[in-house]
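Computed from heavy atoms alone, side chains included, the values below leave out hydrogens, waters and symmetry copies.
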Number of protein chains: 2
Amino acid sequence: MAARISTQKKILNAAEMLFSRDGFEQTSLRQITQEAGVNLASVNYHFGSKKALIQAVMARYLVIFMPVLEEQLQQAEQQSELKTEELFKRFKIPLAKLTEVNKQGPDIFLRLLGFAYSEIQGHLRKYTQQEFGGVLQHLLALLKRANPHLDEQQMFWRLHFILGAAVFAQVSGQALIEIAQSEFNEKVEAQDVIDQLIPFVSGGLEEA
Amino acid sequence: MAARISTQKKILNAAEMLFSRDGFEQTSLRQITQEAGVNLASVNYHFGSKKALIQAVMARYLVIFMPVLEEQLQQAEQQSELKTEELFKRFKIPLAKLTEVNKQGPDIFLRLLGFAYSEIQGHLRKYTQQEFGGVLQHLLALLKRANPHLDEQQMFWRLHFILGAAVFAQVSGQALIEIAQSEFNEKVEAQDVIDQLIPFVSGGLEEA
DNA sequence: AATTAGATTAAACGCATGTTTAAATCATGC
DNA sequence: GCATGATTTAAACATGCGTTTAATCTAATT
(Lines give C-alpha, C1' and ligand atoms only; values in the text may rest on other atoms or scores of the structure.)
Protein backbone atom coordinates (compact mmCIF):
# COMPACT_ATOMS: atom_id res chain seq x y z
CA MET A 1 0.00 0.00 0.00
CA ALA A 2 3.00 2.23 0.38
CA ALA A 3 3.87 2.55 -3.26
CA ARG A 4 0.90 2.80 -5.60
CA ILE A 5 2.68 5.24 -7.86
CA SER A 6 5.61 4.12 -9.97
CA THR A 7 9.06 5.49 -9.28
CA GLN A 8 9.07 7.24 -12.66
CA LYS A 9 5.84 9.09 -11.89
CA LYS A 10 7.05 9.99 -8.42
CA ILE A 11 10.16 11.51 -9.93
CA LEU A 12 8.25 13.37 -12.62
CA ASN A 13 5.80 14.80 -10.12
CA ALA A 14 8.47 15.97 -7.71
CA ALA A 15 10.62 17.30 -10.55
CA GLU A 16 7.88 19.36 -12.17
CA MET A 17 6.97 20.88 -8.83
CA LEU A 18 10.53 21.91 -8.06
CA PHE A 19 11.47 22.86 -11.62
CA SER A 20 8.45 25.13 -11.93
CA ARG A 21 9.16 26.72 -8.56
CA ASP A 22 12.93 27.25 -8.80
CA GLY A 23 14.00 26.60 -12.40
CA PHE A 24 15.88 23.73 -13.96
CA GLU A 25 19.42 24.65 -13.05
CA GLN A 26 18.56 25.70 -9.54
CA THR A 27 16.98 22.33 -8.79
CA SER A 28 19.34 19.45 -7.96
CA LEU A 29 18.67 15.77 -8.42
CA ARG A 30 19.15 15.35 -4.69
CA GLN A 31 16.29 17.74 -4.00
CA ILE A 32 14.08 15.97 -6.51
CA THR A 33 14.75 12.45 -5.26
CA GLN A 34 14.34 13.49 -1.64
CA GLU A 35 11.01 15.16 -2.40
CA ALA A 36 9.93 12.09 -4.36
CA GLY A 37 11.08 9.71 -1.65
CA VAL A 38 13.22 7.67 -4.01
CA ASN A 39 16.91 6.94 -4.35
CA LEU A 40 19.23 9.45 -6.00
CA ALA A 41 20.46 6.99 -8.59
CA SER A 42 16.98 6.15 -9.82
CA VAL A 43 16.81 9.30 -11.93
CA ASN A 44 19.74 8.18 -14.01
CA TYR A 45 18.44 4.63 -14.04
CA HIS A 46 15.00 5.57 -15.36
CA PHE A 47 15.73 8.66 -17.42
CA GLY A 48 19.42 8.46 -18.25
CA SER A 49 20.39 11.99 -17.27
CA LYS A 50 19.08 15.23 -15.81
CA LYS A 51 18.67 16.67 -19.29
CA ALA A 52 16.49 13.73 -20.28
CA LEU A 53 14.42 14.18 -17.13
CA ILE A 54 13.83 17.85 -17.96
CA GLN A 55 12.71 16.81 -21.42
CA ALA A 56 10.38 14.15 -20.01
CA VAL A 57 8.78 16.67 -17.66
CA MET A 58 8.14 19.07 -20.53
CA ALA A 59 6.94 16.32 -22.86
CA ARG A 60 4.15 15.28 -20.50
CA TYR A 61 2.58 18.71 -21.04
CA LEU A 62 3.58 19.39 -24.62
CA VAL A 63 1.97 16.24 -26.01
CA ILE A 64 -1.35 17.44 -24.63
CA PHE A 65 -0.97 21.15 -25.22
CA MET A 66 0.24 21.18 -28.79
CA PRO A 67 -2.43 19.04 -30.49
CA VAL A 68 -5.22 21.00 -28.80
CA LEU A 69 -3.60 24.27 -29.85
CA GLU A 70 -3.36 23.02 -33.42
CA GLU A 71 -7.05 22.12 -33.27
CA GLN A 72 -7.87 25.66 -32.16
CA LEU A 73 -5.77 27.17 -34.90
CA GLN A 74 -7.60 25.13 -37.49
CA GLN A 75 -10.93 26.34 -36.17
CA ALA A 76 -9.72 29.92 -36.26
CA GLU A 77 -8.49 29.49 -39.79
CA GLN A 78 -11.97 28.74 -41.06
CA GLN A 79 -13.35 32.04 -39.85
CA SER A 80 -13.69 34.81 -42.38
CA GLU A 81 -12.11 37.53 -40.27
CA LEU A 82 -8.98 36.81 -38.26
CA LYS A 83 -8.53 39.04 -35.21
CA THR A 84 -5.21 39.05 -33.35
CA GLU A 85 -6.74 39.07 -29.90
CA GLU A 86 -9.04 36.21 -30.77
CA LEU A 87 -6.05 34.15 -31.86
CA PHE A 88 -4.33 34.69 -28.54
CA LYS A 89 -7.50 33.94 -26.63
CA ARG A 90 -7.51 30.51 -28.18
CA PHE A 91 -4.45 29.61 -26.12
CA LYS A 92 -6.70 29.38 -23.12
CA ILE A 93 -8.32 26.14 -24.31
CA PRO A 94 -5.16 23.99 -24.64
CA LEU A 95 -3.93 25.50 -21.41
CA ALA A 96 -7.06 24.52 -19.55
CA LYS A 97 -6.67 20.97 -20.85
CA LEU A 98 -3.47 20.63 -18.82
CA THR A 99 -5.46 20.11 -15.63
CA GLU A 100 -5.56 16.50 -16.82
CA VAL A 101 -1.91 16.13 -15.86
CA ASN A 102 -2.12 18.17 -12.70
CA LYS A 103 -4.68 20.38 -11.05
CA GLN A 104 -2.19 23.25 -11.30
CA GLY A 105 -1.09 22.10 -14.75
CA PRO A 106 -1.61 25.37 -16.65
CA ASP A 107 0.41 27.40 -14.15
CA ILE A 108 3.13 24.80 -13.92
CA PHE A 109 3.46 24.42 -17.67
CA LEU A 110 3.74 28.16 -18.30
CA ARG A 111 6.39 28.54 -15.65
CA LEU A 112 8.35 25.57 -17.01
CA LEU A 113 8.13 27.14 -20.46
CA GLY A 114 9.42 30.36 -19.01
CA PHE A 115 12.44 28.74 -17.44
CA ALA A 116 13.04 26.69 -20.57
CA TYR A 117 13.55 29.89 -22.52
CA SER A 118 15.14 32.13 -19.93
CA GLU A 119 17.71 29.59 -18.93
CA ILE A 120 19.75 28.45 -21.86
CA GLN A 121 18.19 25.07 -22.52
CA GLY A 122 19.35 24.55 -26.06
CA HIS A 123 18.27 20.93 -26.12
CA LEU A 124 14.73 21.88 -25.13
CA ARG A 125 14.40 24.43 -27.90
CA LYS A 126 15.63 21.87 -30.37
CA TYR A 127 13.21 19.27 -29.07
CA THR A 128 10.23 21.63 -29.20
CA GLN A 129 11.14 22.78 -32.68
CA GLN A 130 11.50 19.24 -33.94
CA GLU A 131 8.35 17.82 -32.40
CA PHE A 132 5.98 20.76 -32.62
CA GLY A 133 7.55 23.15 -35.10
CA GLY A 134 4.61 22.71 -37.44
CA VAL A 135 2.08 24.03 -34.94
CA LEU A 136 4.19 27.10 -34.24
CA GLN A 137 4.60 27.82 -37.94
CA HIS A 138 0.87 27.55 -38.32
CA LEU A 139 0.40 30.13 -35.59
CA LEU A 140 2.88 32.44 -37.28
CA ALA A 141 1.03 32.16 -40.60
CA LEU A 142 -2.29 33.07 -39.00
CA LEU A 143 -0.81 36.04 -37.14
CA LYS A 144 0.59 37.28 -40.43
CA ARG A 145 -2.82 37.01 -42.03
CA ALA A 146 -4.36 38.94 -39.12
CA ASN A 147 -1.71 41.66 -39.41
CA PRO A 148 -0.95 42.22 -43.07
CA HIS A 149 0.34 45.72 -42.30
CA LEU A 150 3.47 44.30 -40.61
CA ASP A 151 6.54 43.32 -42.60
CA GLU A 152 8.61 40.21 -41.91
CA GLN A 153 11.07 41.94 -39.64
CA GLN A 154 8.44 43.66 -37.52
CA MET A 155 6.57 40.41 -37.14
CA PHE A 156 9.73 38.53 -36.20
CA TRP A 157 10.70 40.91 -33.43
CA ARG A 158 7.24 41.46 -32.05
CA LEU A 159 6.67 37.74 -31.70
CA HIS A 160 9.81 37.49 -29.65
CA PHE A 161 8.78 40.45 -27.54
CA ILE A 162 5.49 38.71 -26.89
CA LEU A 163 7.28 35.54 -25.93
CA GLY A 164 9.46 37.59 -23.58
CA ALA A 165 6.53 39.30 -21.92
CA ALA A 166 4.72 36.00 -21.44
CA VAL A 167 7.74 34.11 -20.23
CA PHE A 168 8.83 36.82 -17.86
CA ALA A 169 5.38 37.17 -16.41
CA GLN A 170 5.41 33.48 -15.57
CA VAL A 171 8.93 33.21 -14.24
CA SER A 172 8.60 36.26 -12.04
CA GLY A 173 5.01 35.20 -11.64
CA GLN A 174 4.72 34.09 -8.05
CA ALA A 175 6.81 36.98 -6.74
CA LEU A 176 4.80 39.44 -8.83
CA ILE A 177 1.48 37.98 -7.77
CA GLU A 178 2.50 38.37 -4.16
CA ILE A 179 3.49 41.99 -4.71
CA ALA A 180 0.26 42.64 -6.58
CA GLN A 181 -1.74 41.05 -3.81
CA SER A 182 -0.17 43.10 -1.06
CA GLU A 183 -0.57 46.19 -3.21
CA PHE A 184 -4.18 45.76 -4.25
CA ASN A 185 -5.50 43.73 -1.34
CA GLU A 186 -7.27 41.24 -3.52
CA LYS A 187 -6.60 37.71 -4.54
CA VAL A 188 -4.74 37.33 -7.85
CA GLU A 189 -4.83 34.06 -9.77
CA ALA A 190 -2.52 32.90 -12.50
CA GLN A 191 -5.51 32.96 -14.81
CA ASP A 192 -5.88 36.71 -14.19
CA VAL A 193 -2.34 37.26 -15.40
CA ILE A 194 -3.19 35.74 -18.76
CA ASP A 195 -6.26 37.92 -19.03
CA GLN A 196 -4.03 40.92 -18.41
CA LEU A 197 -1.45 39.68 -20.87
CA ILE A 198 -3.71 39.08 -23.87
CA PRO A 199 -4.82 42.69 -24.51
CA PHE A 200 -1.27 43.90 -23.93
CA VAL A 201 0.36 41.63 -26.50
CA SER A 202 -2.52 42.11 -28.93
CA GLY A 203 -2.15 45.88 -28.71
CA GLY A 204 1.60 45.66 -29.07
CA LEU A 205 1.48 43.38 -32.06
CA GLU A 206 -1.15 45.35 -33.94
CA GLU A 207 0.48 48.75 -33.41
CA ALA A 208 1.16 50.41 -36.73
CA MET B 1 54.72 48.74 -20.25
CA ALA B 2 52.97 45.41 -19.80
CA ALA B 3 50.36 46.61 -17.34
CA ARG B 4 48.97 50.04 -17.96
CA ILE B 5 45.52 49.07 -16.78
CA SER B 6 44.92 48.32 -13.11
CA THR B 7 43.98 44.83 -12.01
CA GLN B 8 40.56 46.07 -10.91
CA LYS B 9 39.78 47.48 -14.35
CA LYS B 10 41.09 44.38 -16.07
CA ILE B 11 38.73 42.28 -13.97
CA LEU B 12 35.76 44.58 -14.54
CA ASN B 13 36.32 44.60 -18.29
CA ALA B 14 36.66 40.84 -18.58
CA ALA B 15 33.74 40.29 -16.23
CA GLU B 16 31.31 42.56 -18.06
CA MET B 17 32.20 40.92 -21.36
CA LEU B 18 31.60 37.42 -20.05
CA PHE B 19 28.62 38.30 -17.85
CA SER B 20 26.85 40.00 -20.74
CA ARG B 21 27.58 37.09 -23.03
CA ASP B 22 26.76 34.14 -20.78
CA GLY B 23 25.01 35.49 -17.68
CA PHE B 24 26.19 35.87 -14.11
CA GLU B 25 25.75 32.35 -12.86
CA GLN B 26 27.12 30.74 -15.99
CA THR B 27 30.35 32.72 -15.72
CA SER B 28 32.96 31.47 -13.27
CA LEU B 29 35.64 33.50 -11.56
CA ARG B 30 38.19 31.23 -13.19
CA GLN B 31 36.95 32.24 -16.63
CA ILE B 32 37.00 35.90 -15.71
CA THR B 33 40.49 35.91 -14.23
CA GLN B 34 41.88 33.90 -17.11
CA GLU B 35 40.34 36.28 -19.64
CA ALA B 36 41.67 39.24 -17.65
CA GLY B 37 45.11 37.70 -17.29
CA VAL B 38 45.13 38.03 -13.51
CA ASN B 39 45.22 35.64 -10.59
CA LEU B 40 42.07 33.90 -9.43
CA ALA B 41 42.36 35.21 -5.88
CA SER B 42 42.55 38.83 -6.97
CA VAL B 43 38.79 39.04 -7.44
CA ASN B 44 38.18 38.31 -3.81
CA TYR B 45 41.09 40.53 -2.83
CA HIS B 46 39.80 43.58 -4.73
CA PHE B 47 36.06 43.07 -4.61
CA GLY B 48 35.44 40.74 -1.68
CA SER B 49 33.15 38.26 -3.41
CA LYS B 50 31.56 37.36 -6.73
CA LYS B 51 28.34 39.05 -5.68
CA ALA B 52 30.22 42.28 -5.01
CA LEU B 53 31.93 42.01 -8.39
CA ILE B 54 28.57 41.65 -10.14
CA GLN B 55 27.37 44.72 -8.30
CA ALA B 56 30.48 46.68 -9.27
CA VAL B 57 30.05 45.76 -12.93
CA MET B 58 26.45 46.98 -12.86
CA ALA B 59 27.28 50.09 -10.88
CA ARG B 60 29.73 51.33 -13.49
CA TYR B 61 26.81 51.66 -15.90
CA LEU B 62 24.01 52.56 -13.52
CA VAL B 63 25.76 55.64 -12.12
CA ILE B 64 25.88 57.05 -15.62
CA PHE B 65 22.55 55.79 -16.93
CA MET B 66 20.26 56.74 -14.09
CA PRO B 67 21.09 60.45 -13.69
CA VAL B 68 20.78 61.03 -17.43
CA LEU B 69 17.45 59.21 -17.46
CA GLU B 70 16.21 61.34 -14.58
CA GLU B 71 17.28 64.41 -16.53
CA GLN B 72 15.24 63.25 -19.51
CA LEU B 73 12.20 62.54 -17.37
CA GLN B 74 12.33 66.03 -15.94
CA GLN B 75 12.43 67.49 -19.42
CA ALA B 76 9.46 65.37 -20.45
CA GLU B 77 7.54 66.42 -17.38
CA GLN B 78 7.59 70.05 -18.45
CA GLN B 79 5.83 69.33 -21.70
CA SER B 80 2.10 69.96 -21.87
CA GLU B 81 1.15 66.66 -23.48
CA LEU B 82 2.74 63.44 -22.34
CA LYS B 83 2.85 60.70 -24.97
CA THR B 84 3.77 57.15 -23.99
CA GLU B 85 5.97 56.51 -26.97
CA GLU B 86 7.84 59.74 -26.45
CA LEU B 87 8.59 58.73 -22.87
CA PHE B 88 10.10 55.45 -24.00
CA LYS B 89 12.06 57.15 -26.72
CA ARG B 90 13.83 59.18 -24.07
CA PHE B 91 15.58 56.02 -22.90
CA LYS B 92 17.75 56.24 -25.96
CA ILE B 93 19.70 59.24 -24.64
CA PRO B 94 20.96 57.74 -21.36
CA LEU B 95 21.67 54.52 -23.23
CA ALA B 96 23.80 56.30 -25.82
CA LYS B 97 25.78 57.91 -23.00
CA LEU B 98 27.07 54.47 -21.99
CA THR B 99 29.54 54.48 -24.85
CA GLU B 100 31.69 56.42 -22.38
CA VAL B 101 32.30 53.25 -20.45
CA ASN B 102 32.64 50.99 -23.47
CA LYS B 103 32.07 51.33 -27.17
CA GLN B 104 29.51 48.54 -26.90
CA GLY B 105 28.24 49.94 -23.60
CA PRO B 106 24.54 50.23 -24.48
CA ASP B 107 24.31 46.64 -25.69
CA ILE B 108 26.29 45.30 -22.78
CA PHE B 109 24.28 47.20 -20.20
CA LEU B 110 20.94 46.03 -21.55
CA ARG B 111 22.06 42.45 -21.62
CA LEU B 112 23.43 42.69 -18.09
CA LEU B 113 20.11 44.15 -17.01
CA GLY B 114 18.35 41.27 -18.69
CA PHE B 115 20.37 38.66 -16.84
CA ALA B 116 20.02 40.58 -13.61
CA TYR B 117 16.27 40.12 -13.80
CA SER B 118 16.00 36.73 -15.44
CA GLU B 119 18.43 35.10 -13.08
CA ILE B 120 17.37 35.53 -9.52
CA GLN B 121 19.75 38.25 -8.42
CA GLY B 122 17.94 39.43 -5.33
CA HIS B 123 20.84 41.54 -4.14
CA LEU B 124 20.93 43.41 -7.45
CA ARG B 125 17.26 44.24 -7.33
CA LYS B 126 17.69 45.50 -3.80
CA TYR B 127 20.70 47.58 -4.77
CA THR B 128 18.96 49.12 -7.78
CA GLN B 129 15.87 49.86 -5.77
CA GLN B 130 17.84 51.49 -2.99
CA GLU B 131 20.13 53.59 -5.15
CA PHE B 132 17.86 54.50 -8.02
CA GLY B 133 14.33 53.78 -6.79
CA GLY B 134 13.45 57.47 -7.07
CA VAL B 135 14.11 57.61 -10.79
CA LEU B 136 11.99 54.55 -11.42
CA GLN B 137 9.10 55.92 -9.37
CA HIS B 138 9.34 59.11 -11.36
CA LEU B 139 9.02 57.11 -14.57
CA LEU B 140 5.99 55.28 -13.21
CA ALA B 141 4.28 58.55 -12.28
CA LEU B 142 4.78 59.96 -15.79
CA LEU B 143 3.50 56.79 -17.45
CA LYS B 144 0.39 57.01 -15.29
CA ARG B 145 -0.16 60.59 -16.37
CA ALA B 146 0.22 59.58 -20.02
CA ASN B 147 -2.26 56.72 -19.59
CA PRO B 148 -5.02 57.86 -17.26
CA HIS B 149 -7.36 55.24 -18.74
CA LEU B 150 -5.45 52.41 -17.04
CA ASP B 151 -6.15 51.39 -13.47
CA GLU B 152 -3.45 50.48 -10.96
CA GLN B 153 -3.58 46.77 -11.66
CA GLN B 154 -3.40 47.13 -15.42
CA MET B 155 -0.48 49.50 -15.11
CA PHE B 156 1.32 47.18 -12.70
CA TRP B 157 1.10 44.16 -14.96
CA ARG B 158 1.79 45.94 -18.20
CA LEU B 159 4.95 47.49 -16.82
CA HIS B 160 6.17 44.04 -15.94
CA PHE B 161 5.23 42.72 -19.36
CA ILE B 162 7.25 45.55 -20.89
CA LEU B 163 10.18 44.72 -18.68
CA GLY B 164 9.87 41.10 -19.76
CA ALA B 165 9.78 41.93 -23.46
CA ALA B 166 12.80 44.21 -23.13
CA VAL B 167 14.79 41.86 -20.98
CA PHE B 168 14.06 38.84 -23.09
CA ALA B 169 14.94 40.64 -26.28
CA GLN B 170 18.32 41.45 -24.80
CA VAL B 171 19.10 38.12 -23.22
CA SER B 172 18.13 36.16 -26.28
CA GLY B 173 19.49 39.09 -28.23
CA GLN B 174 22.57 37.74 -29.91
CA ALA B 175 20.93 34.49 -30.90
CA LEU B 176 17.89 36.33 -32.20
CA ILE B 177 19.96 38.84 -34.14
CA GLU B 178 21.80 36.00 -35.80
CA ILE B 179 18.53 34.32 -36.77
CA ALA B 180 17.15 37.61 -38.03
CA GLN B 181 20.26 38.21 -40.07
CA SER B 182 20.22 34.85 -41.75
CA GLU B 183 16.49 35.25 -42.38
CA PHE B 184 16.49 38.77 -43.79
CA ASN B 185 19.99 38.94 -45.22
CA GLU B 186 20.70 42.32 -43.76
CA LYS B 187 22.77 43.52 -40.86
CA VAL B 188 20.86 43.95 -37.61
CA GLU B 189 22.24 46.17 -34.85
CA ALA B 190 21.25 46.21 -31.22
CA GLN B 191 20.02 49.75 -31.78
CA ASP B 192 17.52 48.44 -34.32
CA VAL B 193 16.06 46.13 -31.69
CA ILE B 194 15.23 49.10 -29.49
CA ASP B 195 13.60 50.87 -32.39
CA GLN B 196 11.47 47.79 -32.91
CA LEU B 197 10.73 47.50 -29.22
CA ILE B 198 9.51 51.04 -28.57
CA PRO B 199 6.37 50.98 -30.76
CA PHE B 200 5.52 47.49 -29.52
CA VAL B 201 5.58 48.36 -25.83
CA SER B 202 3.91 51.69 -26.45
CA GLY B 203 1.07 50.01 -28.31
CA GLY B 204 0.76 47.34 -25.65
CA LEU B 205 0.70 49.79 -22.79
CA GLU B 206 -1.82 52.15 -24.35
CA GLU B 207 -4.27 49.42 -25.41
CA ALA B 208 -7.68 50.09 -23.94
C1' DA C 1 69.69 50.35 2.03
C1' DA C 2 66.15 48.73 5.24
C1' DT C 3 61.34 48.77 6.38
C1' DT C 4 56.73 48.25 5.54
C1' DA C 5 52.25 48.14 3.62
C1' DG C 6 50.00 46.71 -0.42
C1' DA C 7 49.48 43.52 -4.32
C1' DT C 8 50.07 39.11 -6.41
C1' DT C 9 50.61 34.29 -6.47
C1' DA C 10 50.12 29.00 -6.14
C1' DA C 11 47.92 25.94 -3.57
C1' DA C 12 44.51 24.05 -0.92
C1' DC C 13 39.84 23.96 1.37
C1' DG C 14 35.09 22.83 1.76
C1' DC C 15 31.18 22.04 -0.56
C1' DA C 16 27.75 20.77 -4.09
C1' DT C 17 26.80 18.87 -8.34
C1' DG C 18 25.63 14.95 -11.94
C1' DT C 19 27.02 10.45 -12.71
C1' DT C 20 28.68 5.63 -12.06
C1' DT C 21 29.44 1.38 -9.62
C1' DA C 22 28.47 -2.91 -7.61
C1' DA C 23 25.97 -5.15 -4.29
C1' DA C 24 21.32 -6.06 -2.38
C1' DT C 25 16.49 -6.58 -3.07
C1' DC C 26 12.34 -7.40 -5.49
C1' DA C 27 9.12 -9.44 -8.59
C1' DT C 28 7.89 -12.55 -12.20
C1' DG C 29 7.66 -16.74 -15.12
C1' DC C 30 8.70 -21.52 -15.15
C1' DG D 1 10.14 -22.48 -4.95
C1' DC D 2 13.74 -21.27 -7.54
C1' DA D 3 16.08 -18.82 -11.22
C1' DT D 4 16.39 -14.66 -13.68
C1' DG D 5 16.00 -10.15 -15.00
C1' DA D 6 14.50 -5.60 -13.42
C1' DT D 7 14.83 -2.39 -9.80
C1' DT D 8 16.56 -0.16 -5.75
C1' DT D 9 20.20 1.05 -2.77
C1' DA D 10 24.45 3.13 -0.40
C1' DA D 11 28.63 4.59 -1.52
C1' DA D 12 32.07 6.51 -4.13
C1' DC D 13 33.78 9.22 -8.14
C1' DA D 14 35.09 13.08 -10.84
C1' DT D 15 34.54 17.71 -11.56
C1' DG D 16 33.81 22.52 -10.89
C1' DC D 17 32.73 26.14 -7.94
C1' DG D 18 33.67 30.40 -4.63
C1' DT D 19 36.66 31.27 -1.10
C1' DT D 20 40.77 31.27 2.02
C1' DT D 21 45.47 30.82 3.26
C1' DA D 22 50.11 31.85 3.65
C1' DA D 23 54.08 32.80 1.23
C1' DT D 24 56.23 35.84 -2.16
C1' DC D 25 56.97 39.85 -4.69
C1' DT D 26 56.69 45.04 -5.48
C1' DA D 27 57.27 49.69 -4.66
C1' DA D 28 57.22 53.59 -1.99
C1' DT D 29 58.95 55.64 2.65
C1' DT D 30 62.20 56.49 6.00
Ion pair check, A/Arg158 and A/Glu207, cut-off under 4.0 Å: no
Donor-acceptor contact present, side-chain A/Thr33 to main-chain A/Arg30, <3.5 Å: yes
Rounded to whole Å, how long is the line connecting atom [atom1] of [X] with atom [atom2] of [N]?
X       : N      : atom1 : atom2 : value
B/Phe47 : D/dT20 : CZ    : P     : 16 Å
B/Lys51 : D/dT19 : NZ    : C1'   : 14 Å
B/Lys9  : C/dA7  : NZ    : P     : 14 Å
A/Ile11 : D/dT9  : CD1   : P     : 10 Å
A/Tyr45 : C/dA24 : OH    : C1'   : 14 Å
B/His46 : C/dA7  : NE2   : P     : 6 Å
B/Asn39 : C/dT9  : CG    : P     : 5 Å

Between A/His138 and A/Gln74: side-chain donor-acceptor atoms closer than 3.5 Å: no
Test side chain to side chain contact (heavy atoms under 4.5 Å, CB included) applied to B/Leu143 and B/Phe88, step by step: CA-CA 9 Å; B/Leu143 285 172; B/Phe88 285 126; 4.1 Å; yes
Salt bridge (charged side-chain N to carboxylate O under 4.0 Å, His left out) partner of A/Glu16, chosen from A/Arg60, A/Lys10, A/Lys9, A/Arg21: A/Arg60
Geometric class of the A/Tyr127/A/Phe132 ring pair [parallel <30°, tilted 30-60°, perpendicular >60°]: perpendicular
Distance test, side-chain N/O of A/Thr7 to OP1/OP2 of D/dT8, below 4.0 Å: yes
Distances for protein N/O vs nucleotides 16-18 of chain D N/O pairs under 3.5 angstrom?
residue : atom : partner : partner atom : Å
D/dC17  : OP1  : B/Ser28 : OG           : 3.4
D/dG18  : OP1  : B/Lys50 : NZ           : 2.8
D/dG18  : OP2  : B/Leu29 : N            : 2.9
D/dG18  : N7   : B/Arg30 : NH1          : 2.8
D/dG18  : O6   : B/Arg30 : NH2          : 2.9

